[in-house]
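Bear in mind that the values here come from a model prediction, so they are computed numbers and not experimental data.
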Amino acid sequence: MDSILHIAKKELNDGLRNRWLLFITILFALMAIGISWFGAAASGHVGFTNLPATIASLASLATFIVPLIALLLAYDAIIGEEENGTLILLLAYPISKSDIILGKFIGHGVILSLATLVGFGSAAIAIAMLVTEVDTAFLLLSFTKFILSSLLLGLVFLAFAYVLSCYAKEKSTAIGLALGLWFLFVLVFDLVLLALLVMSEGAFNPDALPWLLLLNPTDVYRLINLMGLDMTGNGVGVMSLAADLPVSAGVLWAVLGLWVALALLLAKTLFMRKDF
């Protein structure tokens, strides 16, 4: 356990020296406050509108930003150490490969957690202080769920980054795979499902489509936040087809947690088979 904590502390310190924590926090804060006050600017309204619309807009934008940040944060966690020659030195100590993976994941997870909490939490504080008619209890509940789900989504893609870092032979390959993975889950997956539904000309059962959304962690994340705000019916694309998905919010949270566990297990397996 001590070795895991030491590795986690090292990753956290490296993140602080590289100013990753500061960068992510400022990015999340600007994104959250900007959406909260200028999200309706296109319709001619500037200022806070309502909490459900704000959370829905933040969740939609976070779907693009959080996975990308998580992948860029850890895509070189293993392959970077290997190319620098420090991984061989680390393995010379009485530290298991499982401890290395878990320690690095915890360290990066702490960076992501602090940035998510402070960045998005700043928007909640700003709303509570500047908007007099907002329900404080509902504000706290909504932002707590949004922040926790955003963190869990980030952990999913953080674990994906470890899979890619253990699989790739070079850092350049790892970053390319990371961008490809982001493109697949954030942009391509839903388009493929819609194309499958349209081009099948009735051969594909549309009732199966909502279940396929569980295969995409970004869609599960959207469902968690839209379902909790009773806005799923107003969704667009495949989200509108998931309005009647017969699963509870707890199941959706469990699915995201399962994504984290499976990705970490795969990363550990790849790392154990890696030759040095």
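For Asp14, the side chain to side chain donor-acceptor pair (under 3.5 Å) partners at least two apart in sequence or on another chain are Lys10, Arg17. For Asn216, the side chain to side chain donor-acceptor pair (under 3.5 Å) partners are Thr218, Asp219, not counting sequence neighbours. By the side chain to side chain donor-acceptor pair (under 3.5 Å) test, Ser3 is found to be paired with Asp99, residues two or more places apart in sequence or in another chain being considered. Applying the side-chain contact (heavy atoms from CB on, under 4.5 Å) criterion to Val118, with sequence neighbours excluded, gives Thr25. The salt bridge (charged side-chain N to carboxylate O under 4.0 Å, His left out) check on Asp76 picks up Lys171, with sequence neighbours excluded. Here Tyr221 pairs with nothing under the ring pair (Phe, Tyr, Trp, His ring centres under 6.0 Å) rule; sequence neighbours left out.
Rounding to the nearest 0.5 angstrom, the gap separating the CG atom in Leu71 from the CG atom in Leu177 is 10.5 Å. Separation of atoms CZ (Phe143) and CD1 (Ile125) is listed at 10.0 Å; rounding is to 0.5 Å. How far CG of Leu140 is from CD1 of Ile127: 12.0 Å, rounded to the nearest 0.5 Å. Taken from CG in Leu153 to CD1 in Ile69, the straight-line distance is 12.0 Å, to the nearest 0.5 Å. Leu114 CG to Leu12 CG: the interatomic distance, rounded to the nearest 0.5 Å, is 7.0 Å. The distance from the CG atom of Leu155 to the CG atom of Leu151 is 4.5 Å, given to the nearest 0.5 Å.
Within the 4.5 Å cutoff, no side-chain heavy atoms of Phe157 are placed close to those of Val66. Side-chain contact check for Phe160 versus Pro217: some heavy-atom pair is nearer than 4.5 Å. At a threshold of 4.5 Å between non-hydrogen side-chain atoms, the residues Leu152 and Leu148 do not count as touching. Side-chain contact between Ile101 and Cys166: present, with at least one pair of heavy atoms (C-beta onward) separated by less than 4.5 Å. Residues Ser113 and Thr116 have side chains not in contact (no heavy-atom distance under 4.5 Å, counting atoms from C-beta outward). Side-chain contact check for Leu266 versus Tyr167: every heavy-atom pair is 4.5 Å or farther apart. You'll find the side chain of Leu164 stays beyond 4.5 Å of the side chain of Ile175, heavy atoms only. Between Glu11 and Ile106, the closest side-chain pair of non-hydrogen atoms is not below 4.5 Å.
In this structure, Ile78 and Lys104 approach most closely via the heavy-atom pair CD1-CD, 4.0 Å. Annotation for Leu226 and Ala56: closest pair CD2-CB, 4.0 Å, computed over non-hydrogen atoms. Residues Leu61 and Met31 come closest through the heavy atom pair CD2-CG, 3.0 Å. Annotation for Ala159 and Val260: closest pair CB-O, 4.0 Å, computed over non-hydrogen atoms. Taking every heavy atom of both residues into account, Ala128 and Leu139 meet most closely at CB-CD2, 3.6 Å. Of all heavy-atom pairs between Ala123 and Ala32, the closest is CB-CB, 3.4 Å.
Residues Phe146 and Leu30 do not share a hydrophobic cluster, clusters being chains of Ile/Leu/Val/Met/Phe/Trp/Tyr side chains in contact below 4.5 Å. Note on Leu265: it does not cluster hydrophobically with Leu256, by side-chain heavy-atom contacts below 4.5 Å among ILVMFWY residues. Cluster membership for Phe183 and Val163, using ILVMFWY side-chain heavy atoms within less than 4.5 angstrom, is shared. Both Val251 and Leu214 belong to a common hydrophobic cluster when Ile, Leu, Val, Met, Phe, Trp and Tyr are linked at side-chain heavy-atom distances under 4.5 angstrom. Val156 and Leu258 fall into different hydrophobic clusters, where Ile, Leu, Val, Met, Phe, Trp and Tyr side chains are chained together by heavy-atom contacts under 4.5 Å.
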Would Ser122 and Phe28 satisfy side chain to side chain contact (heavy atoms under 4.5 Å, CB included), going step by step from the backbone distance to the final call?
CA-CA 9 Å; Ser122 62; Phe28 285 170; over 6 Å; no
Apply the test side chain to side chain contact (heavy atoms under 4.5 Å, CB included) to residues Leu89 and Glu81: give CA-CA distance (whole Å), side-chain angles for both, the deciding distance (0.1 Å), then the verdict.
CA-CA 10 Å; Leu89 179 61; Glu81 296 264 18; over 6 Å; no
Any chance you could lay out the side chain to side chain contact (heavy atoms under 4.5 Å, CB included) test for Trp253 and Lys145, step after step, and finish with the verdict?
CA-CA 10 Å; Trp253 284 90; Lys145 184 177 65 175; 3.5 Å; yes
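No donor-acceptor pair closer than 3.5 Å links the side chain of Ser165 to the backbone N or O of Ala161.
Between Trp259 and Phe185, the ring-plane angle classifies as perpendicular under the 30° and 60° cut-offs.
The only option from Leu252, Leu193, Val255, Val220 that meets the side chain to side chain contact (heavy atoms under 4.5 Å, CB included) definition with Leu213 turns out to be Leu193.
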